[in-house]
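We name chains A, B, ... by the order of the sequence lines, and we start the count at 1 in each one.
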Amino acid sequence: MINFNEIERKWQKYWEDKEVFKAVNNSDKPKYYYLVEFPYPSGAGLHVGHVRSYTALDALARKKRMMGYNVLYPMGWDAFGAPAEQYAIKNHIHPKEAVSENIKTFKGQVKALGLSIDWSREFSTTDPEYYKWTQWQFLKFFEHGMAYKAKKNINWCPKCKTGLSNEDSSGGICERCGSKVEQKEKEQWMLRMSDYAEDLITGLDDTNFIDRIKTAQINWIGKSTGAEVDFEIKGIDDVLTIYTTRPDTLYGVTFMVVAPEHPMIEKHQDMIKNMNEINDYKTKAKNKTEFERTQVNKEKTGVCIDGLTAINPITNAEIPIYISDYVMMNYGTGAIMAVPAHDERDFEFATKFNIPIIPVIEQITGEKHDNEKIKNSIVAVLYDEKTDKYLTINWKELGGRLFVGGTRKDNESPIDCAIREIKEETGYVNIEYVHDIFPINHHYYAYNKNQAFEIESIGLLFKLVDDKKESTNLDVDEENKFTVEWVDKSVIEKEVKDELHITTFNNLLKPQAYTGDGKMINSGVLNGLTNKKESIAKMIEYLKEQGYGKEKTNYKLQDWIFSRQRFWGEPIPLVYCEDCGWVPVKEEDLPVLLPDVANYEPTENGESPLAAITDWVNTTCPHCGKKAKRETDTMPNWAGSSWYWLRYMDAHNDKEFVSQEALKYWGKLDFYNGGMEHATRHLLYARFWNQFLYNIGLVPNKEPFDTRVSHGMILGDGGVKMSKSLGNVINPDDMIKLYGADALRCYEMFIGDYEKEVSWSEKGLNGCKRFIDRVIRIGDKVSKKDNYSNNLEKIINKTIKKVTEDYDNMKFNTVVSSLMILLNEYEKQTEISKEDYRVLLVLLNPIAPHITEELNEQYDLGSPICESSWPTYDESKLVDDEKDIAVQVNGKVRATIKISMDDTEEEIKEKALKAENVINHTNGKEIVKVIVIKGKIVNIVVK
RNA sequence: GCCUGUGUGGUGGAAUUGGUAGACGCGUUGGACUCAAAAUCCAAUGGUAGCAAUACCGUAUCGGUUCAAGUCCGAUCACAGGCACCA
């Protein structure tokens with residue numbers, strides 16, 4: 001019996017001693033750079049999820065090496081940040097020690113997997129030799145004006161006592177500890193990431209990220225185009241500038257809204273008569289967290305500013321201004337023009353505050369025709385509360401079920417028209433007007449009149465007061481052609497087919513803003529246009545001409561809050577001098593080391609724990625030499641991971657962050673794997689950082705990563721998340737002890753589609769263990785013969801092709817199943833050749849490297865696999881000369897026939913028609929045609 | 001609400017990209033070996049009917065395109081992830 005743990009140690013030592021996986025800078029071989037996001041060495045140890053991605057990339061790396069590449073597959077540790085600090089506080093040890101302990105366990109676990117990592121390039125972000133260069137690069141940002149300090153209303157975690165970026169506090173919950181995030185005003189270092197918004201979008205074209213990552217990034221950056229428009233304020237020489245994506249609706253503006261923090265309020269407070277009320281509102285808004293403020297379903301609130309009135313630049317209408325927290329100060333200009341007819345939020349606000357609503361876009365229904373006649377009309381819905389029914393007119397074949405409709409006479413108001421039509425057609429006279437809706441632009445063709453019409457239709461809702469009826473007043477030709485019927489809503493939904501009528505009905509029951517495309521009305525120069533794009537362009541042109549506004553693009557992406565009030569992070573290498581301001585620490589004085597002290601717990605007042613260490617804080621100004629103080633904020637966790645892939649290229653350089661030579665040789669990171677949860681944060685920060693380095697000439701590529709893939713999560717048995725509290729966490733160490741590293745690796749590759757989440761099953765792992773055992777046992781059948789056995793040659797060549805392609809497409813699960821199929825075939829043989837055995841071992845080696853090396857050595861099959869090349873297949877050996885194909889009759893499989901590859905189409909057809917069960921199904925029927933797809937299928941169509 | 005995905009046996013998942021649905025593994029059942037168990041090996045395994053040949057049904061639901069649909073198109077439902085008062 002083979003002791004697999006012993007074999008694992010043996011080969012791991014062999015690889016290490018011989019340095020087989022060491023990547024060489026400047027080799028003649030083509031280079032390839034694989035990377036998995038480096039782990040955060042938490043106290044919990046390695047997760048089986050880590051095993052999945054590490055093994056997958058290890059398999060790719062091993063195969064690539066065998067294909068003749070100089071492969072870089074490094075590993076390191078992302079060890080700054082709150083968890084390590086929390087752990088240290090809890091266990092009363094210095095984070096430095098906690099981290100080095102965790103790294104030790106983590107590394108041991110990773111090594112037990114037998115990964116082909118070049119350990120000579122290992123580092124931790126917490127190494128002073130590394131964070132020296134993180135600090136150095138921060139100073140580059142500072143030197144180029146890309147870092148600035150700003151007073152910011154920041155997301156503040158009361159438990160972690162630190163500021164959080166928007167990315168770290170999504171949903172109003174602290175990413176680390178789950179506490180509710182508050183708002184706090186603090187001075188923070190910021191990086192001008194929003195300057196790079198456009199480049200971060202366009203740069204994606206130079207990457208091979210999978211689409212869902214690209215779209216996630218694009219959505220996060222949130223580009224929108226529109227216009228900024230200046231609204232004069234009545235009686236003062238000042239304008240209110242707003243941002244809108246819909247300048248085409250400018251004629252429909254009925255109010256303005258500014259964010260509670262908008263500076264114009266303070267600026268013009270002496271004009272404002274209800275300042276108390278406004279201040280009250282401002283205070284309330286401030287106390288709400290960002291999360292509460294952005295709860296979508298919350299009812300709108302606001303206060304009208306009494307004393308300030310805006311003037312619509314194109315209509316000169318006077319417009320009230322409100323403050324409301326549904327407008328954010330940090331996006332656009334912090335002020336909007338509100339068009340309630342065509343914006344859902346504005347509609348809700350206007351409805352609540354009784355503000356007029358002016359439609360400027362008509363929804364279009366029906367189909368346009370040539371030579372349309374224009375008329376105005378109404379559609380009237382009459383509702384009876386007592387029976388919960390609606391009045392309809394059933395025109396039967398002549399037009400189906402409709403509501404009361406009619407043409408408006410000259411100078412007749414829609415209401416009058418509707419009342420008249422209802423009486424004329426149905427006789428009801430005691431009805432009460434409820435409301436009407438925006439006009440609809442409808443097109444139809446009247447066959448009885450042989451005429452096309454374009455109508456502007458207004459929908460009106462009435463309530464029936466009582467059943468009193470007067471005689472109807474119908475044209476002779478209308479009589480007896482329809483019946484008046486009261487029906488339920490459900491009948492209407494099923495039977496009213498006319499687009500105008502059903503749209504009218506739906507809009508009447510649920511009045512809402514119309515945000516779609518349509519025909520411009522009430523809009524001066526834009527009237528009649530039906531294309532949104534065109535209307536917007538025309539309006540922007542007009543605004544520019546008149547000097548009222550300009551085109552403008554906005555992004556949701558904000559600048560990066562780069563300060564953390566924590567101990568365990570890279571100190572920001574700046575010194576504040578009363579005379580010189582913020583001064584960078586001199587390059588030769590880097591790194592600014594974290595002091596070795598006992599107290600690193602967060603302070604109550606929100607300052608970094610470093611602020612309490614006076615020895616450390618007090619220093620001299622690098623510029624003038626006077627007394628000065630160090631910056632006590634540290635960098636966020638994301639800093640160290642924003643350039644680490646570059647460091648692996650030249651991991652121990654003490655002169656530069658990485659040499660230009662190494663940068664040039666390794667170029668882009670070819671293949672980067674990481675969790676989907678980093679698609680918008682780490683990946684954007686890293687790309688931003690790299691683009692900046694590129695722009696100042698420090699790296700050769702603007703985009704750092706070529707391909708980016710994401711592995712799916714591994715869930716516990718039954719599809720629930722693995723968690724300590726559920727007690728379903730699987731420890732890879734235990735699995736290795738019980739089943740061996742190769743079986744564990746094999747199972748995690750076999751478990752399912754690499755990109756999808758899967759659930760863990762120990763039975764499945766045992767199945768892979770059985771597979772490995774069978775690979776070992778098949779060794780008993782190895783003969784002295786070389787070369788592939790004749791009867792295995794074909795399947796071997798096919799398997800090489802399939803497995804090679806599947807590795808390249810990361811379809812590891814079918815790599816394993818193909819090899820299982822090959823093994824099943826071997827087991828049917830009485831003996832197999834050395835070469836048969838060797839090829840199986842080599843193909844399996846990237847996934848199960850230890851046992852395959854061992855068996856290769858034991859049976860003396862050739863040089864160690866890690867030093868061999870990848871097998872090739874012979875195209876000519878792939879084709880079958882005979883094949884079973886299916887014969888269908890009318891699309892249903894009725895028989896299979898054996899065909900030879902040189903059979904002509906005629907011969908195949910003949911065989912197919914002669915097949916027994918085919919005759920049963922074609923007998924007595926007319927054969928319409930026979931479709932022969934060579935080598936695949938025959939389909940006989942009969943009648 | 002918006003944007004991505006996903007939906008196939010008891011189960012994890014395959015399916016040459018429109019061509020025999022369920023490969024391979026797990027589980028289950030039966031058998032062999034064993035005093036017995038474990039391990040191993042052999043056989044069966046989508047559902048219904050039938051001794052069987054075979055027939056019908058079957059890839060979330062409904063409809064469409066096609067000689068042929070898990071695959072393409074349209075609508076709906078469910079789940080997962082991301083974004084969310086971004087004007």
Side-chain angles (χ1 to χ4, degrees), chain A residues 1 170-171 210-220 222-224 226 242-246 249 257 259 293-298 300 324-328 330-339 342-346 348-349 554-558 676-677 679-680 712-713 717-719 746-747 750-753 755-768 770-771 773-774 777 802 805 811 813-821 823-824 827 884-896 916-917 920-921 928-933 935-942:
Chain A
M1 197 56 205
S170 48
I210 47 179
D211 283 341
R212 58 184 174 140
I213 294 178
K214 283 191 184 179
T215 39
Q217 294 217 344
I218 289 168
N219 290 345
W220 187 274
K223 181 179 182 173
S224 79
I242 59 90
Y243 173 70
T244 179
T245 55
R246 296 296 303 274
T249 60
V257 187
R293 257 186 82 167
T294 53
Q295 279 296 293
V296 186
N297 296 328
K298 185 195 68 175
K300 298 268 176 297
S324 173
D325 62 7
Y326 83 90
V327 172
M328 308 292 148
N330 56 12
Y331 183 77
T333 60
I336 61 158
M337 63 178 216
V339 185
H342 305 292
D343 181 281
E344 282 166 39
R345 296 147 303 181
D346 299 347
E348 203 188 314
F349 193 89
N554 266 320
Y555 303 89
K556 289 187 213 170
L557 186 74
Q558 310 267 311
M676 205 50 205
E677 71 275 17
T680 47
M713 241 200 307
D717 214 344
C746 186
Y747 172 60
F750 186 58
I751 194 167
D753 187 328
E755 303 222 316
K756 287 194 201 136
E757 57 177 34
V758 285
S759 25
W760 180 266
S761 147
E762 201 160 325
K763 290 227 170 93
L765 170 53
N766 194 42
C768 285
R770 281 207 276 246
F771 168 60
D773 288 344
R774 282 164 58 212
R777 253 182 279 130
K802 167 104 176 114
E805 287 168 1
K811 299 181 89 177
N813 51 341
T814 49
V815 166
V816 178
S817 72
S818 300
L819 294 174
M820 285 172 170
I821 293 169
L823 178 65
N824 288 346
E827 283 178 340
D884 286 330
I885 65 163
V887 182
Q888 300 181 327
V889 180
N890 283 349
K892 286 192 173 169
V893 179
R894 297 302 180 187
T896 56
E916 200 186 316
N917 201 34
N920 293 340
H921 285 89
V928 182
K929 61 175 161 177
V930 179
I931 294 149
V932 179
I933 310 293
K936 284 190 175 162
I937 205 162
V938 179
N939 194 6
I940 300 162
V941 187
V942 298

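Going from atom CE of A/Met713 over to atom C1' of B/rU6 covers 14 Å, rounded to whole Å. With rounding to whole Å, A/Tyr331 atom OH is found 13 Å from B/rA84 atom C1'. Counting to the nearest Å, the P atom of B/rA84 and the CD atom of A/Glu344 are 17 Å from each other. Between the CD atom of A/Glu677 and the C1' atom of B/rC83 there is a distance of 16 Å, rounded to whole Å. Rounded to whole Å, the distance from CG on A/Asn330 to P on B/rA87 is 13 Å. Distance A/Leu819 CG to B/rA23 C1': 14 Å, rounded to the nearest Å. Distance, A/Leu765 CG to B/rG12 C1': 13 Å, rounded to whole Å. Rounded to a whole Å, the CG atom of A/Asn920 is 10 Å from the P atom of B/rU54.
Applying the 6.0 Å contact sphere to CD of A/Glu755 captures more than 12 heavy atoms from other residues, nucleotides or ligands.
Closest contact between the side chain of A/Lys763 and the listed nucleotides B/rC26, B/rG25, B/rU4 involves B/rC26. Closest to the A/Tyr326 side chain, of the nucleotides B/rA55, B/rA87, B/rC85, is B/rC85. The listed nucleotides are B/rC67, B/rC24, B/rA87; the one nearest the side chain of A/Met820 is B/rC24.
Inter-residue side-chain proximity for A/Met676 and A/Arg212 is flagged as met; some heavy-atom pair is nearer than 4.5 Å. Residues A/Ile336 and A/Asp346 have side chains in contact (heavy-atom distance under 4.5 Å, counting atoms from C-beta outward). Residues A/Val938 and A/Ile933 are not in side-chain contact: their nearest non-hydrogen atoms beyond the backbone lie 4.5 Å or more apart. A/Gln888 places none of its side-chain heavy atoms less than 4.5 Å from the side chain of A/Ile931. You'll find the side chain of A/Tyr747 stays beyond 4.5 Å of the side chain of A/Phe771, heavy atoms only.
Contact check, A/Lys892 against B/rC57: a side-chain N or O comes under 4.0 Å of OP1 or OP2. Within the 4.0 Å cut-off from OP1 or OP2 of B/rG25, at least one side-chain nitrogen or oxygen of A/Asn824 is found. A sub-4.0 Å separation between OP1 or OP2 of B/rA55 and a side-chain N or O of A/Asn917 is present. A sub-4.0 Å separation between OP1 or OP2 of B/rU54 and a side-chain N or O of A/His921 is absent. Side-chain nitrogen and oxygen atoms of A/Ser224 include at least one within less than 4.0 Å of the OP1 or OP2 phosphate oxygen of B/rA87.
Spacing of P atoms, B/rG13 relative to B/rA49, comes out at 30 Å, to the nearest Å. Nucleotides B/rG47 and B/rC42 place their C1' atoms 27 Å apart, quoted to the nearest Å. Taking atom C1' on both B/rA15 and B/rU20, the two are 11 Å apart, rounded to the nearest angstrom.
One finds the CG atom of A/Asn917 at 10.0 Å from the OG1 atom of A/Thr896 (value rounded to the nearest 0.5 Å).
Mapping A/Arg894 and A/Ser818 onto RNA chain B by nearest heavy atom places A/Ser818 at the nucleotide closer to the 5' end. Heavy-atom distances to RNA chain B give each of A/Arg212 and A/Ile336 a nearest nucleotide, and the one nearer the 5′ end belongs to A/Arg212.
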Open item on the list: I'd like to compare against my own output: the B/S/- annotation of nucleotides 40-51 of chain B with a strict under-4.0 Å heavy-atom distance to protein.
Closed with: SS----------
Task: Annotated protein contacts, base or backbone, on nucleotides 13-21 of chain B with a non-hydrogen cut-off under 4.0 Å, one of B, S, - each - done: SSS---BB-
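Geometric assessment of A/Lys300 against the ring of A/Tyr326 yields a positive cation-pi assignment under the 6.0 Å and 45° thresholds.
Between A/Ala679 and A/Ile213, the shortest heavy-atom distance links the atoms CB-CG2, 4.2 Å. The minimum heavy-atom distance linking A/Ile751 with A/Val758 is given by the pair CD1-CG2, 3.7 Å. Among all heavy-atom pairs drawn from A/Tyr243 and A/Gly226, the shortest one is OH-N, 3.6 Å. A pairwise comparison of heavy atoms in A/Val942 and A/Val889 identifies CG2-CG1, 3.9 Å as the closest pair.
Using a 4.0 Å heavy-atom criterion, one finds that A/Asn554 contacts no nucleic acid atom at all. Among the atoms of the strands shown, none is found under 4.0 Å from any heavy atom of A/Gly332.
Side chain of A/Gln558 to main chain of A/Asn330: a donor-acceptor pair is present (N/O by atom type, distance under 3.5 Å, no hydrogens or angles).
Interface remark: the A/Lys556 side chain does not form any donor-acceptor pair with the B/rC83 base, using a distance-only criterion of under 3.5 Å.
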- [ ] Give RNA chain B the dot-bracket treatment, 5' to 3': Watson-Crick (N1-N3 with N6-O4 or O6-N4) or G-U (N1-O2, O6-N3) under 3.5 Å, [ ] crossing, | other strand.
- [x] (((((((..(((......[....)))((((((.......))))))((((....))))..(((((..]....))))))))))))....
